[in-house]
Chemist: 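Before we start, here is the structure in question, set down as structure tokens.
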Amino acid sequence: MKYTAMALLGLTIASCSTVPLSGRKQLALVSDDQIQEQATTAYKEFLGSPKTKVITGTSNAALVKKVGNNIAAAVNKYLTSQGMASQYNFTWEFNLIESPDVNAWCMPGGKVAVYTGILPFTANEAGLATVMGHEIAHAIARHSMEQMSNQYAMQIGAQVLGVATAGKSSIVQGLVNNAYGIGGQLAMLKYSRSNESEADKLGLIFMAMAGYNPETAVGFWERMASAKAASGQPEFLSTHPSDARRITDIQRLLPEARKYYKK
């Protein structure tokens with residue numbers, strides 16, 4: 001058991017990646033390539049489902065693609081400048097989905113969905129950039145990989161390390177399938193509050209890089225807080241920090257985000 005713990009510690013130290021901009025080290029025991037492959041399959045299944053109505057040919061659908069492409073271009077430019085572009089083999093895709101749900105998400109590999117139910121709260125292009133910047137930040141920060149790696153580490157801790165690593169492929173396959181519902185209903189990972197706060201920070205910077213004033217993010221989160229007070233918590237806020245905490249944190253982060261803002 002002693003040697004297993006030491007081996008696990010060594011594996012954990014060796015299996016880390018770094019989040020862009022924040023510099024935070026995170027556990028990386030799961031293959032990005034495998035996650036992205038499965039996420040792409042899940043995204044295609046989601047778009048092709050009879051229950052999913054993809055909106056095309058409208059001004060809102062065009063705006064989702066415009067904002068998404070603007071942020072993706074800015075993120076790609078930043079990653080290239082930092083010598084990190086090769087670490088992100090993303091094939092970006094942005095779709096507007098007809099749904100009353102107040103929600104949006106970005107899967108690993110850059111597969112984004114924005115639900116029409118959130119548009120009354122985004123209110124304008126900059127508000128939409130706030131949402132999409134936040135969701136894209138989850139993917140760039142590899143929060144899905146981090147959550148799956150944490151689950152995998154827990155499984156290793158419950159077994160003899162040699163046995164666990166021998167079955168790594170099947171274990172990882174199960175984690176990814178469970179997270180993204182391959183062959184079944186799409187299921188999105190629930191990120192931790194620390195992940196959500198990190199996505200807030202990176203999202204502010206990404207929208208600023210893309211030419212959107214980060215100060216407008218405060219208005220969006222205030223509108224979301226009002227919606228929560230009026231009709232209960234939207235799915236988009238399910239694991240997020242409290243409204244007051246989030247707005248205070250965003251206001252604190254604005255000076256840093258402004259450094260990246262170019263009109």
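Quick caveat, the model's predicted, so the values are computed rather than measured.
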Chemist: Under the criterion side-chain contact (heavy atoms from CB on, under 4.5 Å), I'd like the reasoning laid out for Q36 against K111: C-alpha separation, chi angles, the key distance, then a yes or no.
Modeler: CA-CA 9 Å; Q36 289 188 29; K111 306 302 184 183; over 6 Å; no
Chemist: Side-chain heavy atoms under 4.5 angstrom apart, residues restricted to Ile, Leu, Val, Met, Phe, Trp, Tyr: same cluster for L128 and Y261?
Modeler: no
Chemist: Search all heavy atoms of P108 against all heavy atoms of A39 and return the closest pair with its distance.
Modeler: O-CB, 3.7 Å
Chemist: Tell me, do V67 and V114 make a side-chain contact under 4.5 Å, heavy atoms counted?
Modeler: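 Side-chain contact under 4.5 Å: no.
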Chemist: Look up atom CZ in R193 and atom OG in S197, then write down how far apart they are to the nearest 0.5 Å.
Modeler: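 Nearest 0.5 Å value for the CZ-OG distance: 9.0 Å.
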Chemist: Name the orientation class of the two ring planes belonging to Y115 and W105 (parallel below 30°, tilted from 30 to 60°, perpendicular beyond 60°).
Modeler: perpendicular
Chemist: Would you check, one step at a time, whether the test side-chain contact (heavy atoms from CB on, under 4.5 Å) holds for M209 with V75?
Modeler: CA-CA 8 Å; M209 287 178 175; V75 170; 5.5 Å; no
Chemist: Do Q82 and P20 come within less than 4.5 Å of each other through their side chains, counting heavy atoms only?
Modeler: no
Chemist: Can you find a heavy atom in the side chain of K259 that is under 4.5 Å from one in the side chain of I205?
Modeler: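 K259 vs I205: side chains apart.
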Chemist: To the nearest 0.5 Å, how far apart are CG in N213 and CE in M207?
Modeler: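 Spacing of CG (N213) from CE (M207) equals 7.0 Å.
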Chemist: How long is the straight-line distance from NZ of K53 back to CG of L96, given to the nearest 0.5 Å?
Modeler: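 Here the interatomic distance stands at 10.5 Å.
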Chemist: Please check if the number of heavy atoms outside K66 that lie under 6.0 Å from its NZ is greater than 12.
Modeler: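 Count not over threshold, so no.
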Chemist: Apply side-chain contact (heavy atoms from CB on, under 4.5 Å) to residues M132 and V64 and explain how you reach the verdict.
Modeler: CA-CA 9 Å; M132 297 184 74; V64 166; 4.0 Å; yes
Chemist: Could you tell me if the side chain of L79 sits less than 4.5 Å from the side chain of Q87, heavy atoms only?
Modeler: no
Chemist: How many angstroms lie between CZ in F206 and CD1 in I140, if you round to the nearest 0.5 Å?
Modeler: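 That separation rounds to 5.5 Å.
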Chemist: Which word best sums up how the rings of F90 and Y88 line up, parallel for under 30°, tilted for 30 to 60°, or perpendicular for over 60°?
Modeler: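 F90 vs Y88 ring planes: perpendicular.
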Chemist: Tell me whether R142 contacts the main-chain N or O of V19 through its side chain, where contact means a donor paired with an acceptor under 3.5 Å.
Modeler: no
Chemist: Just wondering, are more than 12 heavy atoms of other shown residues or ligands nearer than 6.0 Å to CG in N60?
Modeler: yes
Chemist: Between A217 and I250, what is the shortest heavy-atom contact and its length?
Modeler: CB-CG2, 4.5 Å
Chemist: Quick check: closest heavy atoms across A137 and G203, and the distance to 0.1 Å?
Modeler: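 Between these two residues, the closest heavy atoms are CB-N, 3.7 Å.
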Chemist: Check whether any side-chain heavy atom of Y260 sits under 4.5 Å from a side-chain heavy atom of L21, and report yes or no.
Modeler: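 They are in contact (side-chain heavy atoms under 4.5 Å apart), so the answer is yes.
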Chemist: One pair to check against side-chain hydrogen bond (donor to acceptor under 3.5 Å, both in side chains): H143 and Q26. What are the steps and the verdict?
Modeler: CA-CA 9 Å; H143 286 157; Q26 60 186 169; 5.3 Å; no
Chemist: Is any side-chain heavy atom of R24 closer than 4.5 Å to a side-chain heavy atom of E146?
Modeler: yes
Chemist: For residues A129 and I71, report the shortest heavy-atom separation together with the two atoms involved.
Modeler: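 Closest pair (atom of A129, atom of I71, distance): O-CD1, 3.7 Å.
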Chemist: Is any side-chain heavy atom of F94 closer than 4.5 Å to one of I136?
Modeler: yes
Chemist: Any donor and acceptor pair, going by atom type alone, linking the side chain of T52 with main-chain N or O of G48 inside 3.5 Å?
Modeler: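 Not a single qualifying donor-acceptor pair exists.
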Chemist: Indicate the atoms forming the closest heavy-atom contact of M84 with T18, along with that distance.
Modeler: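 Taking every non-hydrogen atom into account, CE-O, 4.3 Å.
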Chemist: Quick one, N95 with E93, criterion side-chain contact (heavy atoms from CB on, under 4.5 Å). Give me CA distance, side-chain angles, the key distance, then yes/no.
Modeler: CA-CA 7 Å; N95 283 291; E93 191 170 348; 3.4 Å; yes
Chemist: Looking at CG of N103 and OG1 of T116, how far apart are the two atoms once the value is rounded to the nearest 0.5 Å?
Modeler: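 So the gap between those two atoms works out to 11.0 Å.
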Chemist: State, yes or no, whether a side-chain contact exists between V218 and I247 at a heavy-atom distance under 4.5 Å.
Modeler: yes
Chemist: For E196 and R246, which heavy atoms make the closest approach, and how far apart are they?
Modeler: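 Here E196 and R246 meet closest at O-NH2, 4.2 Å.
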Chemist: Can E198 and H138 be counted as having a side-chain donor-acceptor contact under 3.5 angstrom?
Modeler: no
Chemist: For the pair T80 (side chain) and N76 (backbone), establish whether a donor and an acceptor sit closer than 3.5 Å, ignoring hydrogens and angles.
Modeler: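 Judged by distance alone, yes, a pair lies under 3.5 Å.
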Chemist: Rounded to the nearest 0.5 Å, how far apart are CD of Q38 and CG of D33?
Modeler: 12.0 Å
Chemist: Would you call R252-D249 a salt bridge at under 4.0 Å N-O?
Modeler: yes
